[in-house]
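The structure under discussion appears below in the form of structure tokens.
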Amino acid sequence: MLKEALKLWAQEKRTNPKGSTLQRRLILFFVSITFSIILLFAVLLMLLDIDGSDKKAVSGYLKAELTDVSKKMEDESGRISLLGLSLAETVSGSCDTFFKEQGITAAELTVHPELIEPLLERQITSLLTVIDNNTCSGVFILLDASVSGSAEATDTARSGIFIKKTSPVSIQSVGNKNYYLRGPASLAREHGIDLLGQWKMEYDISGQEFFTEVMTTARNNPELPLSRLYYWTGRVTLKGNSEAGFLLCVPLRTADGAVYGLCGIEVSDRMFKLLFSPTDSTYSNAFSLAAPWTEEAFCTSKGLIAGNSYLTGHRMEQNLLSEGEKDSFEFFTGTGEAYGGYTSVLRLYPSGSAYEEEQWKIAVLLPEEHLKDALAGNSAYLLFIIIGLLLLSLLASYLISRRYLRPVNHAFDTIKNKSYGESPETRGYTEIDDLFAFLAQKDKEHEAELLSLEQQRQNVEDSYEKAQTRLTRITNRKKQEVDQDGYQMFLSHLHTLTPKEREIFNLYLEGKSAKEILVNVNINENTLKYHNRNIYSKLGVSSRKELLLYAALMKEEHV
């Protein structure tokens with residue numbers, strides 16, 4: 001474009017030495033403005049490091065949230081693990097004393113079901129102390145024995161206590177309330193604890209593999225301390241309960257090493273969301289995830305999700321398979337869904353733990369479609385730049401127009417005032433000088449045409465006056481020829497005609513013949529004769545000739 005403008009300028013300079021053309025100046029003007037806008041836009045993009053994407057902001061957000069959530073989970077899991085170990089030691093010591101007082105071993109508890117409730121009664125105070133003074137959603141004891149004492153019942157039924165807390169992240173006693181999910185109802189009444197709607201006397205451990213796994217592992221590793229035997233379950237929903245959560249399970253064993261149950265602390269789905277949802281609401285669809293990790297996949301069917309809005313209350317039932325890294329983000333796919341973000345390892349067990357090989361991971365993710373939208377960038381920067389460039393363009397246009405287009409404005413004023421023929425001086429623009437010469441010539445031609453039209457108008461007026469005089473004479477002569485009484489009767493009775501008669505009368509006035517009237521009105525000849533008789537009778541005429549004579553006279557009087 002610039003090359004073409006320069007060629008045009010050089011050609012015009014050679015062929016028109018009188019001055020510059022408006023076309024060339026406008027081309028140069030727009031070329032300069034366009035070039036300035038493009039150059040300034042490129043400079044601003046480089047200075048602001050804007051490449052059309054918001055990758056840095058999204059990546060920084062996800063990494064910051066992952067760091068924050070990872071630290072919280074590490075701290076909370078460590079705190080709850082220590083709390084569970086402390087509870088297990090307290091309960092185990094109390095149970096050892098009880099067994100000694102009753103003169104039985106832990107293994108004999110299954111044949112003395114009458115002793116289970118007194119044993120549990122001694123532990124309920126310890127459970128209430130833990131739940132009332134710590135951040136947790138529930139606390140429990142699960143014994144490898146049943147109050148029924150029957151072989152059939154002891155296959156799946158287990159005695160114990162499970163106490164739930166209304167406000168899991170609060171340690172304030174005001175406004176908090178504990179509920180009884182499992183255990184003897186008499187103990188709940190004695191301690192003023194309300195029963196939940198899902199309350200049952202005993203646990204049903206069918207399909208609850210965590211109980212068997214913790215008990216078996218503890219019995220197979222008698223040399224390990226409790227600090228190497230506690231276990232974090234994946235997402236678990238107790239039989240007959242509506243809320244899922246993670247359970248910290250610590251074996252209960254006597255001083256001589258007999259394992260007879262477990263105790264622990266619950267982190268419910270609700271508590272997980274309250275503690276580990278992303279705190280920054282910049283991307284409302286971001287969510288955190290904690291789940292076991294195995295063979296390049298999140299076991300999300302055993303994990304929990306926390307988010308500000310997306311997937312609130314949602315549980316993933318299908319595992320998330322790793323799709324590898326793309327554009328510095330880790331991507332995962334489930335059934336019909338894909339997510340991107342970052343992950344980190346969650347250490348739940350110390351070195352030497354019986355579960356040391358189990359891996360957990362934490363992730364902060366965005367649905368892939370929302371991640372792509374976020375990566376598209378913040379258009380505000382570009383919008384501000386564009387607005388700024390537009391303002392600069394307007395300012396430049398104004399300043400340039402004042403300098404280069406002032407003669408054009410002066411030419412417009414000259415045209416309005418019609419003073420373009422008064423001075424032969426040039427205005428610096430070939431087009432304007434040629435236009436003024438053309439307008440001056442056209443004005444002369446127009447004046448001559450106006451004089452001719454005025455003469456013609458005068459002639460027409462004279463002819464019209466003569467015609468009017470002649471028409472008046474003819475009208476007066478016709479008035480003298482006709483019967484004045486009959487004519488007045490004709491005029492006074494026109495209103496008596498029916499619409500159809502009036503229609504036929506008007507057609508006669510237009511000079512229509514009888515055949516034409518038959519076609520226009522769509523009637524037959526007899527009907528026309530009938531209407532004619534009525535018209536003649538009402539208007540007092542005896543023939544069509546007399547009718548037309550009166551009608552012509554009437555039209556002449558109203559001209």
Side-chain angles (χ1 to χ4, degrees), residues 53-81 135 168-169 232 234-235 245-246 248 267-316 318-334 337-350 358-378:
S53 119
D54 208 12
K55 176 181 174 182
K56 184 182 294 185
V58 178
S59 176
Y61 166 82
L62 292 176
K63 287 180 178 179
E65 288 296 335
L66 179 63
T67 300
D68 182 57
V69 171
S70 296
K71 185 177 185 310
K72 286 181 181 179
M73 287 192 186
E74 293 276 1
D75 293 345
E76 280 299 308
S77 62
R79 180 189 65 80
I80 292 175
S81 297
T135 298
V169 297
W232 280 95
R235 188 176 76 223
F246 295 146
L248 170 72
V267 176
S268 67
D269 196 356
R270 182 162 55 99
M271 176 179 172
F272 187 85
K273 286 178 170 58
L274 291 173
L275 288 176
F276 305 120
S277 291
T279 55
D280 190 337
S281 60
T282 302
Y283 302 99
S284 60
N285 292 311
F287 63 95
S288 58
L289 164 68
W293 174 266
T294 176
E295 297 181 358
E296 302 299 319
F298 265 115
C299 299
T300 44
S301 58
K302 297 181 179 180
L304 291 179
I305 292 173
N308 292 328
S309 62
Y310 186 74
L311 294 175
T312 298
H314 181 81
R315 298 175 184 172
M316 290 185 178
Q318 299 294 328
N319 293 340
L320 287 183
L321 302 179
S322 174
E323 295 295 326
E325 188 174 304
K326 182 172 61 176
D327 201 19
S328 82
F329 294 94
E330 299 177 56
F331 283 88
F332 301 88
T333 57
E337 297 178 294
Y339 307 92
Y342 297 107
T343 65
S344 66
V345 175
L346 175 61
R347 289 184 55 84
L348 293 178
Y349 306 109
E358 291 195 11
Q359 293 187 3
W360 282 62
K361 274 194 173 184
I362 305 167
V364 175
L365 305 173
L366 274 169
E368 186 176 26
E369 57 183 26
H370 296 287
L371 179 59
K372 288 180 179 179
D373 291 341
L375 290 176
N378 189 344

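The chain is numbered in sequence order, starting from 1. The analysis underlying the following values was restricted to heavy atoms, covering all of them including side chains, and did not include hydrogens, waters or symmetry mates.
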What one should report as the nearest heavy-atom pair of Asn319 and Cys299 is OD1-CA, 3.2 Å

Quick one: does Phe246's side chain get under 4.5 Å of Leu304's, heavy atoms only?
yes

Can Leu371 and Tyr339 be said to form a side-chain contact (heavy atoms from CB on, under 4.5 Å), step by step?
CA-CA 8 Å; Leu371 179 59; Tyr339 307 92; over 6 Å; no

Walk me through it: do Arg79 and Asp75 pass the test salt bridge (Lys or Arg N to Asp or Glu O under 4.0 Å)?
CA-CA 6 Å; Arg79 180 189 65 80; Asp75 293 345; over 6 Å; no

Report the C-alpha distance between Trp232 and Ser81 in whole Å, list the side-chain angles of each, state the deciding distance to 0.1 Å, and finish with yes or no for side chain to side chain donor-acceptor pair (under 3.5 Å).
CA-CA 9 Å; Trp232 280 95; Ser81 297; 3.2 Å; yes

What distance do Leu66 atom CG and Met73 atom CE have between them, rounded to the nearest 0.5 Å?
9.0 Å

Which residue is it: Thr294, Leu348, Val345? I am looking for the one with a side chain to side chain contact (heavy atoms under 4.5 Å, CB included) to Trp360.
Leu348

Do the non-hydrogen side-chain atoms of Lys361 and Ser344 ever get within less than 4.5 Å of each other?
no

Within a strict 4.5 Å, meaning less than it, do heavy atoms of the Leu365 and Phe287 side chains meet?
yes

Work out which heavy atom in Ala297 is nearest to a heavy atom in Leu321; give both atom names and the distance.
CB-CD2, 3.7 Å

When you compare the side chain of Pro168 with that of Leu274, does any pair of heavy atoms fall below 4.5 Å?
yes

For Ile362 and Ser70 the tightest heavy-atom approach is CD1-CA, 3.7 Å

Any donor and acceptor pair, going by atom type alone, linking the side chain of Ser77 with main-chain N or O of Glu74 inside 3.5 Å?
yes

Would you indicate whether the side-chain heavy atoms of Phe331 and Glu325 approach each other to under 4.5 Å?
no

Might you confirm whether atom NZ of Lys302 has over 12 heavy atoms from other residues, nucleotides or ligands at distances under 6.0 Å?
no

Donor-acceptor pair, distance only, cut-off 3.5 Å: does the side chain of Glu65 make one with the backbone of Thr279?
yes

Does Arg235 use its side chain to pair, donor to acceptor, with the backbone of Gly303 at less than 3.5 Å?
yes

Under 3.5 Å side-chain donor-acceptor pair for Tyr342 and Ser59
yes

Which heavy atom in Glu76 sits nearest to a heavy atom in Leu275, and how many Å separate them?
OE1-CD1, 4.0 Å

Would you confirm whether Gln359, through its side chain, and Pro292, through its main-chain N or O, come within 3.5 Å as a donor-acceptor pair?
no

Under 4.5 Å between any side-chain heavy atoms of Arg347 and Tyr349, yes or no?
no

Exercise: identify the closest heavy-atom pair between Tyr61 and Pro278:
OH-CB, 3.8 Å

Any side-chain heavy atom of Phe272 within less than 4.5 Å of one from Ile305?
no

What are the two closest non-hydrogen atoms of Pro367 and Asn285, and how far apart are they?
CD-O, 3.5 Å

Any donor-acceptor N/O pair, Ser288 side chain to Ala306 backbone, under 3.5 Å:
yes

Would you say the side-chain atoms of Thr300 pair up with the backbone N or O of Gln318, donor to acceptor, closer than 3.5 Å?
yes

Taking the basic N atoms (NZ, or NE/NH1/NH2) and the acidic carboxylate oxygens, is any pair closer than 4.0 Å for Asp269 and Lys273?
yes

Could you check whether Glu369 pairs with Lys372 (Lys NZ or Arg NE/NH1/NH2 to Asp/Glu carboxylate O, under 4.0 Å)?
no

